[in-house]
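Here is the structure we will look at.
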Amino acid sequence: MKRKYFFGTDGVRGCANKPPITAETTLKLGISAGHYFNSASGSKRVIIGKDTRRSGYMLENALTAGLTAVGMNVFFLGPVPTPAVGILTKSMRADVGIMISASHNPFSDNGIKFFGPDGFKLSEADELKIENLMSQELPLAPAKDIGRARRINDGLGRYTEAVKTTLPSSFSLEGFKIVIDCANGASYKAAPEILWELGADVVEIGTKPDGYNINFNCGSVYPEKAASEVLRTGADLGICLDGDADRVVLIDEKGRIANGDQLMAVIATHWQESGRLRGKGVVSTVMSNLGFEKYLNSKGLNLKRTPVGDRHVIAAMRKGNFNLGGEQSGHVILSDFMSTGDGLVAGLQFLASILDKKSAASKLLNTFKPYPQVVKSIQGTNLPGLLKRKPVISTMKEVEMMLGSEGRLFIRQSGTEPVIRVMVEHYNQGLVSEVVEMMSEALVESK
């Protein structure tokens, strides 16, 4: 079955007030999801969280109308990080959790992510079943069985306590100055409060959402402002979250930016030394740097690669009993604590490494030397067709010969935007630049 609504790596996503992110489609989605989960168990509970986008009000109300129409009871969390939905779906014994967010995308986009009763994101099989229901005329509940909706006032507080319990009671950030950039998104209250309660001197950025400024020149996608603030204030660390706080980028005291690969390398080393690392390695995607893989191998650890998308990472972690995985983009999944990526929890684990090793952030965040890597985006969605064109096939063969065993070429369709990603990696920066242009030109000319 070809997907019409669910697509890509994470639920439904698109421009607000354009299909599929319209009130009409979201109402159908609410009816279909409610029907699917209503028939699966008996609690009839749905948890809904959202980030700070203006369109979140529209989608929240449309979902609620659909869900209550089939007899589901809805509990609103308001603006909370995505991992909070996973936690509360499980702790409140709900049938399903829903997060309204387009993550790192601009305010004009929005999305809908689903969590199952175990707190993990839905499988593709579950999404397809819900999608199939959207094309059917589904029965609505009789008047006496229409669901109710109410607000959970302490949802953010429950999440805050859950985050702090990922650390020992003796953990303290007294004497640390930390710049926290919340991207004017879902963590704008929780993240600064948690750091302050742990004893840090907190410098806040991106904590004044207005419905339009989420991810705008701030957060994990634009960490340069936070890097400048780290240098200006003499901070020990900068933590940049994205709009729904499930990804993180770190900045050391010298203002240098580190991605998810570097962060996972630090946590993997720390956990291996303390006997906490499971699975004899780390799970990450095909986009993770070769330098990261070689570093893990030097430590006797493996890198298990998956397709892009944290759902694929989590599935491989659960199957192989890994407790550390993530993506270069900053999704870091620590399954001992959370069922999905949590940028703040990952940042706190890095701080635990600093405290344990009595080291500056700059020393730990240069754990390995990354291979030069370039990712280029090309407008388009017909990747399967392009990969069958003779000029593209010929160029791919030539490129792979040029890169040899010390490099990689990877081409994929984006799961969140109508673009094709071309990734090239090799220890020779000049060769990387040459090859990415060759491959990009072949794809563009063959469209």
Would you list the atom pairs, donor with acceptor, under 3.5 Å between side chains in residues 378-387 and any protein atom, with sequence neighbours excluded?
| unit_1 | atom_1 | unit_2 | atom_2 | d |
| --- | --- | --- | --- | --- |
| Asn382 | OD1 | Gly385 | N | 3.4 |

Side chains of residues 52-61: which donor-acceptor pairs under 3.5 Å do they make with residues two or more places apart or in other chains?
| unit_1 | atom_1 | unit_2 | atom_2 | d |
| --- | --- | --- | --- | --- |
| Thr52 | OG1 | Asn184 | O | 2.7 |
| Arg53 | NE | Asp51 | OD1 | 3.3 |
| Arg53 | NE | Asp51 | OD2 | 2.7 |
| Arg53 | NH1 | Asn105 | O | 3.0 |
| Arg53 | NH1 | Pro106 | O | 2.6 |
| Arg53 | NH1 | Asp109 | O | 3.3 |
| Arg53 | NH2 | Asp51 | OD2 | 3.4 |
| Arg53 | NH2 | Ser103 | O | 2.8 |
| Arg53 | NH2 | Asn105 | O | 3.4 |
| Arg54 | NH1 | Tyr212 | OH | 3.1 |
| Arg54 | NH2 | Tyr212 | OH | 3.4 |
| Ser55 | OG | Asn110 | ND2 | 2.8 |
| Glu60 | OE1 | Lys50 | NZ | 3.2 |
| Asn61 | ND2 | Tyr57 | O | 3.1 |

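Within 6.0 Å of atom CZ in Phe216, 12 or fewer heavy atoms from other residues, nucleotides or ligands are found, so the atom counts as exposed in its surroundings. Annotation: Lys177, atom NZ; neighbour count of heavy atoms from other residues, nucleotides and ligands within 6.0 Å is above 12. Residue Lys189 qualifies as open at atom NZ: its count of foreign heavy atoms under 6.0 Å is 12 or below. Around atom CZ of Arg276, more than 12 heavy atoms belonging to other residues, nucleotides or ligands sit under 6.0 Å away.
Considering every non-hydrogen atom in both Pro81 and Leu156, the closest pair reads CD-CD1, 4.2 Å.
Here CG of Asp118 is found 9.5 Å from OG1 of Thr89. Values are rounded to the nearest 0.5 Å. Taking CD1 of Ile314 as the reference point, atom OG of Ser339 lies at 7.0 Å (rounded to 0.5 Å). Atom CG of residue Asp342 and atom CD1 of residue Ile87 lie 7.0 Å apart, to the nearest 0.5 angstrom. Note: Leu195 CG to Ile180 CD1 = 5.5 Å, rounded to the nearest 0.5 Å. Of the inter-residue distances, the one linking Phe350 atom CZ with Leu355 atom CG reads 10.5 Å to the nearest 0.5 angstrom. Note that CG of Asn259 is 7.5 Å distant from CG of Asn289, once rounded to the nearest 0.5 Å.
Put simply, the side chain of Asp181 gets close to the backbone of Gly219: a donor and an acceptor are under 3.5 Å apart. Checking side-chain atoms of Gln272 against main-chain N and O of Lys299 turns up a donor-acceptor pair under 3.5 Å. A donor-acceptor distance shorter than 3.5 angstrom exists from the side chain of Arg93 to the backbone of Ser91, with no hydrogens or angles considered. Checking side-chain atoms of Ser32 against main-chain N and O of Leu29 turns up no donor-acceptor pair under 3.5 Å. Not a single donor-acceptor pair under 3.5 Å links the side chain of Ser187 to the backbone N or O of Ala190. With hydrogens and angles disregarded, no donor-acceptor distance shorter than 3.5 Å links the side chain of Thr166 to the backbone of Ala162. Of the possible donor and acceptor atoms, none in the side chain of Gln349 sits under 3.5 Å from a partner among the backbone N and O of Ile267. For Ser288 (side chain) and Ser284 (main-chain N/O), no donor-acceptor pair under 3.5 Å exists by modelled atom type. The backbone N or O of Pro142 sits nowhere less than 3.5 Å from a side-chain atom of Asp145 that would complete a donor-acceptor pair. No donor-acceptor distance shorter than 3.5 angstrom exists from the side chain of Glu229 to the backbone of Val179, with no hydrogens or angles considered.
For the residue pair Asp356 / Ser353, no side-chain donor-acceptor distance below 3.5 Å is found, with atom types taken as modelled. Judged purely by distance below 3.5 Å, without hydrogens or angles, the side chains of Asp244 and Thr82 pair a donor atom with an acceptor atom.
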Quiz item: Does the side chain to side chain contact (heavy atoms under 4.5 Å, CB included) test come out yes or no for Met338 and Val163, once each step is laid out?
Solution: CA-CA 9 Å; Met338 299 289 173; Val163 170; 4.1 Å; yes

Exercise. Could you give me the CA-CA distance, side-chain angles and deciding distance for Leu133 and Tyr36, then say whether side chain to side chain contact (heavy atoms under 4.5 Å, CB included) is met?
Key: CA-CA 8 Å; Leu133 290 172; Tyr36 180 67; 3.7 Å; yes

Quiz item: side chain to side chain contact (heavy atoms under 4.5 Å, CB included) between Val282 and Leu301: does it pass, once the steps are laid out?
Solution: CA-CA 8 Å; Val282 178; Leu301 300 173; 5.6 Å; no

Quiz item: Going through the distances and angles, do Asp246 and Lys113 end up as a salt bridge (charged side-chain N to carboxylate O under 4.0 Å, His left out)?
Solution: CA-CA 12 Å; Asp246 63 355; Lys113 310 176 187 183; 3.6 Å; yes

Exercise. For side-chain hydrogen bond (donor to acceptor under 3.5 Å, both in side chains), just list the numbers for Thr285 and Glu327, CA-CA rounded to whole Å, side-chain angles, deciding distance to a tenth of an Å, and then say yes or no.
Key: CA-CA 6 Å; Thr285 73; Glu327 299 184 272; 4.6 Å; no

Practice problem: Let me see the working for Leu364 and Ile354 under side chain to side chain contact (heavy atoms under 4.5 Å, CB included), right down to the final yes or no. | Solution: CA-CA 8 Å; Leu364 292 185; Ile354 287 180; 3.9 Å; yes

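Under the 4.5 Å side-chain criterion, counting only non-hydrogen atoms from C-beta, Phe114 is in contact with Val96. The side-chain heavy atoms of Leu365 and Leu250, taken from C-beta on, include a pair separated by under 4.5 Å. Using a 4.5 Å heavy-atom threshold, the side chains of Leu296 and Asn302 count as separate. Contact annotation: the side chain of Pro307 never approaches that of Val286 to less than 4.5 Å [non-hydrogen atoms, C-beta and beyond]. Taking the side chain as every heavy atom from C-beta outward, Ile251 and Arg256 never approach each other to under 4.5 Å. Considering only heavy atoms from C-beta on, Leu334 comes within 4.5 Å of Val332 through its side chain. You'll find the side chain of Met287 reaches within 4.5 Å of the side chain of Val375, heavy atoms only. Between Arg421 and Lys376, every side-chain heavy-atom pair lies at or beyond the 4.5 Å cut-off.
A salt bridge links Arg247 with Asp242: the closest approach of a Lys/Arg side-chain nitrogen to an acidic carboxylate oxygen falls below 4.0 angstrom. Salt-bridge check for Glu293 with Arg305: passed, with a basic side-chain N closer than 4.0 Å to an acidic carboxylate O. Between Lys357 and Glu273, at least one side-chain nitrogen of the basic residue sits less than 4.0 Å from a carboxylate oxygen of the acidic one, meeting the salt-bridge criterion.
Scanning for side chain to side chain contact (heavy atoms under 4.5 Å, CB included) contacts around Phe75 gives Arg45, Ile47, Asn73, Met92, Arg150, Ile152, with sequence neighbours left out. Residues passing the side chain to side chain contact (heavy atoms under 4.5 Å, CB included) test with Ser335, sequence neighbours excluded: Arg278, Met317, Asn323.
Applying the ring-ring contact (aromatic ring centres under 6.0 Å, His included) test to every pair with at least one member in residues 272-292, sequence neighbours left out, gives these pairs: Phe292-Phe368. Within the structure, the ring-ring contact (aromatic ring centres under 6.0 Å, His included) test picks out no pair touching residues 169-211 (sequence neighbours left out).
If you run side-chain contact (heavy atoms from CB on, under 4.5 Å) between Met72 and each of His35, Lys44, Arg148, only Lys44 comes through.
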